[in-house]
Amino acid sequence: MRNFRVYILIFLLMPFIIFAEDGSKLWLRFPNVKNGISSEKIISKGKNPTLEIAKKELMSYWQGQTIELRTDKSLKNLKDGYVIKSNSGKIIISAAKESGLLYGVYHILRLQQTKSDFSHLNITEKPSYDIRILNHWDNLDGTIERGYAGHSLWKWEDLPNKISPRYEEYARVNASIGINSVVLNNVNASPNMLRTDYLQKVKVLADVFRAYGIKVYLSVNFSSPKVIGGLENSDPLHKNVQQWWKEKASEIYNLIPDFGGFLVKANSEGQPGPQDYGRTHADGANMMADILKPHGGIVMWRAFVYSPSKEDRAKQAHLEFVPLDGKFRDNVIIQIKNGPVDFQPREAFNPLFGALKKTSEMVEFQITQEYLGFSNHLVYLAPLFKETLDSDTYSDGKGSTIAKITDGTLRPAQLTAISAVANIGEDTNWTGHHFAQANWYAFGRLAWNHELSAENIADEWIKMTFTDKAAFVNPVKKIMLSSRETAVDYMMPLGLHHIFASGHHYGPEPWGDYKGGRPDWSPVYYHQANAQGIGFDRTKTGSDAVSQYFSPLNTIYGDIETCPENLILWFHHVPWNYKMKDGKTLWEELAFKYDSGVQNVREYQKVWDQMEAYVDPERFTQVQSKLKIQAKDAVWWKDACLLYFQTFSKMPIPYDIERPVHELEDLKKIKLDLKHHN
Ligand code: BDP
């Protein structure tokens with residue numbers, strides 16, 4: 001009898017068990033399989049694993065007319081791109097490569113899913129970048145540096161024998177947005193990554209990814225020859241070191257003939273590099289580039305270099321790399337973080353963009369929200385990505401945007417690339433926060449076409465991931481589009497930066513002064529608050545970082561009157577009573593910004609609550625509880641920063657804004673026990 005009741009209960013719960021929404025499908029929620037079209041309605045010649053996937057996707061999910069998939073070598077100039085045309089009742093997708101056909105198939109499935117009109121299609125797509133690459137900061141022990149969605153997807157201990165089904169799902173998801181490359185491991189790379197047993201595991205992943213048009217790359221530790229090769233040192237100019245890399249490269253290419261190449265973090269934050277032997281970044285990068293060249297591989301050499309010297313950290317990459325311009329091989333690309341400090345909620349763009357005239361440059365974004373509330377805060381990053389890509393560097397005159405410098409328009413390059421640090425882990429919904437999925441999506445879409453707007457991408461993503469009902473799409477899009485500015489407001493408005501709690505970077509610690517440690521890891525180094533004012537003086541009389549920008553930006557940023565207010569504390573030490581454009585004093589403006597960040601999150605909560613009718617209960621409540629955390633954190637940020645900065649400004653909290661609910665001394669005691677490495 002008891003058993004019987006259990007059966008009845010299971011039966012009644014069945015629809016919920018089967019349809020329980022866990023976010024695992026991301027944006028790939030195509031209509032039910034049984035409505036798909038029959039195989040006769042898909043015309044294609046030839047056999048190829050990628051083409052088979054394209055056909056399978058259509059057969060399973062396409063509900064429209066007959067489709068023909070054609071490879072057409074004359075479309076080579078479109079690279080991975082494709083043409084989609086309606087032609088007497090059928091749709092023809094043509095591309096030079098099979099991967100182009102697969103991208104074309106995802107394009108029409110996207111049109112179907114967003115209920116777009118596809119009666120008269122005439123679409124030509126060519127990707128903005130050749131290499132659209134995710135950087136995983138995954139360690140061999142399964143942890144992820146700055147990962148907030150569980151452990152690594154890569155099960156190194158099970159590989160090469162056991163293959164998780166998620167490897168293929170991951171590849172499919174990436175292909176659906178045009179991502180064609182991945183770096184599997186952390187830039188703080190373990191030398192063991194290059195051991196033969198690990199390479200055999202990497203091979204298995206590469207084999208799974210290949211049919212989805214995805215190439216594998218690895219982060220390598222510069223000391224590998226010494227550490228795993230047993231050589232005396234890893235000096236890039238030593239013959240035996242070069243020989244070691246040469247043999248390693250042959251071993252890799254034997255296993256993985258289309259291996260992409262290496263990503264290298266050298267001489268930064270304690271990592272080894274060519275400078276350990278008195279050699280330059282160019283010596284190190286070129287040694288590897290020469291070895292990879294015959295195999296068709298490339299080197300992505302990171303410009304994220306800084307040391308605890310007297311020099312302003314924001315200037316260091318430019319100082320080190322500009323003198324090396326023109327010295328790098330043509331299969332080296334310098335990988336540059338969007339800002340000169342470190343993935344802050346807002347930074348001025350990195351002045352290295354455009355400063356290298358004879359060297360290829362690529363952007364590195366961070367999708368994982370190390371500095372944006374981890375996977376607890378809803379922060380849609382497309383506006384941040386766009387802000388960087390659309391920034392005019394003036395390097396080659398007006399209109400020299402970072403997009404044009406990196407996509408081959410202004411600096412014709414052998415290969416162009418764009419990268420971002422992934423936010424993916426083994427959580428069921430892949431990214432921890434359901435809305436963090438949008439940032440993976442947005443990066444892929446912008447890497448494919450950097451001219452898309454943040455709004456269009458949000459629109460697409462919401463319709464694909466939730467529903468196309470306007471009553472949901474419009475308010476949620478509004479939340480997404482304002483969310484990055486909101487986070488800036490409650491964390492670091494007006495150009496403040498790096499005032500995070502040390503190490504884990506979750507929550508505020510503007511009082512952080514790690515005496516005896518590295519000054520450039522201390523919040524007080526970055527905000528410089530004192531009785532006179534607040535902000536980092538990077539003008540001519542300060543660190544002179546402004547001079548690294550091309551004219552007229554150097555003067556615009558260098559003059560407090562013309563500096564954009566959203567960067568004013570990035571470039572200037574500003575008196576507390578300085579009059580801002582809206583007539584408020586700097587102190588008041590700061591207080592209002594913090595408060596408006598908090599108010600916006602409260603508004604997001606209210607709007608989200610109204611969305612209940614349009615969302616499944618699981619995702620509704622999960623997002624709702626994350627918003628609660630975000631609201632609490634926003635208040636924490638506001639109180640911590642205002643109460644602490646008030647000890648310098650000695651000015652009252654303006655009447656109109658919400659009063660602090662914490663005591664500064666209590667906030668100072670908070671020490672979160674989160675894992676971190678610095
Ligand atoms: C910083 C992270 C650190 C990374 C480093 C990097 O805090 O974990 O190793 O960047 O990009 O943002 O190398």
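As the structure lists them, so they are numbered: ligands from 1, and atoms in each ligand from 1.
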For [X], the ligand 1 atoms whose distance to one of its heavy atoms is below 4.0 Å:
X: Glu370; value: 1 (C), 2 (C), 7 (O), 12 (O)
X: Tyr371; value: 7 (O), 12 (O)
X: Asp342; value: 1 (C), 10 (O), 12 (O)
X: Lys337; value: 1 (C), 5 (C), 6 (C), 10 (O), 11 (O), 12 (O)
X: His505; value: 7 (O)
X: Phe304; value: 5 (C), 6 (C), 10 (O), 11 (O), 13 (O)
X: Glu269; value: 4 (C), 5 (C), 9 (O), 13 (O)

**Request:** Compute the ring centroids of Phe571 and Tyr557, then answer whether they are less than 6.0 Å apart.
**Result:**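 So the answer is yes for these two rings.
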**Message:** Is the distance between the ring centroids of His318 and Tyr549 under 6.0 Å?
**Reply:**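 No - the distance between ring centres of Tyr549 and His318 does not fall below the 6.0 Å cut-off.
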**Asked** Is it the side chain, the backbone, both or neither of Trp521 that has a heavy atom closer than 4.0 Å to ligand 1?
**Response**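 No part of Trp521 is near ligand 1 at this cut-off.
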**Message:** Please classify the Asn188 to ligand 1 contact at 4.0 Å (heavy-atom distances, strictly less than): side chain, backbone, both or neither.
**Reply:**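 The answer is the side chain of Asn188.
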**Asked** Is it the case that His433 and Asn376 place a side-chain donor and acceptor less than 3.5 Å from each other?
**Response**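 Looking only at side-chain atoms, Asn376 and His433 do not form any donor-acceptor pair under 3.5 Å.
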**Prompt:** Just checking, any donor-acceptor pair under 3.5 angstrom between side chains of Asn423 and Thr368?
**Reply:**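 Note: Asn423 and Thr368 side chains miss the donor-acceptor criterion.
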**NZ/NE/NH1/NH2 to OD/OE distance under 4.0 Å, Lys357 and Asp325** =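 No, Lys357 and Asp325 are not salt-bridged.
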**Message:** Angle between ring planes, Tyr526 versus His498, binned at 30° and 60°: parallel, tilted or perpendicular?
**Reply:**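 Parallel, since the angle between the ring planes stays under 30°.
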**Asked** Should the pair Phe385 and Phe443 be assigned to parallel (<30°), tilted (30 to 60°) or perpendicular (>60°) ring geometry?
**Response**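 Judged by the thresholds at 30° and 60°, the geometry between Phe385 and Phe443 is perpendicular.
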**Prompt:** Considering distance alone, does some N or O of Gln366 sit under 3.5 Å from an N or O of ligand 1?
**Reply:**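 Among all N and O atoms of Gln366, none is under 3.5 Å from an N or O of ligand 1.
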**Message:** With respect to Arg302, determine whether any N or O atom, backbone or side chain, lies less than 3.5 Å from an N or O atom of ligand 1.
**Reply:**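 Yes, at least one N or O pair falls under 3.5 Å.
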**Test ring pair (Phe, Tyr, Trp, His ring centres under 6.0 Å) applied to Trp637 and Phe645, Tyr594, Tyr506, Phe500, the passing residue** =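 With Trp637 as partner, Phe645, Tyr594, Tyr506, Phe500 yield a single ring pair (Phe, Tyr, Trp, His ring centres under 6.0 Å), made by Phe500.
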**Message:** I'd like to know if Gln271 contacts ligand 1, where contact means a heavy-atom distance under 4.0 Å to any ligand atom.
**Reply:**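 No heavy atom of Gln271 comes that close to ligand 1.
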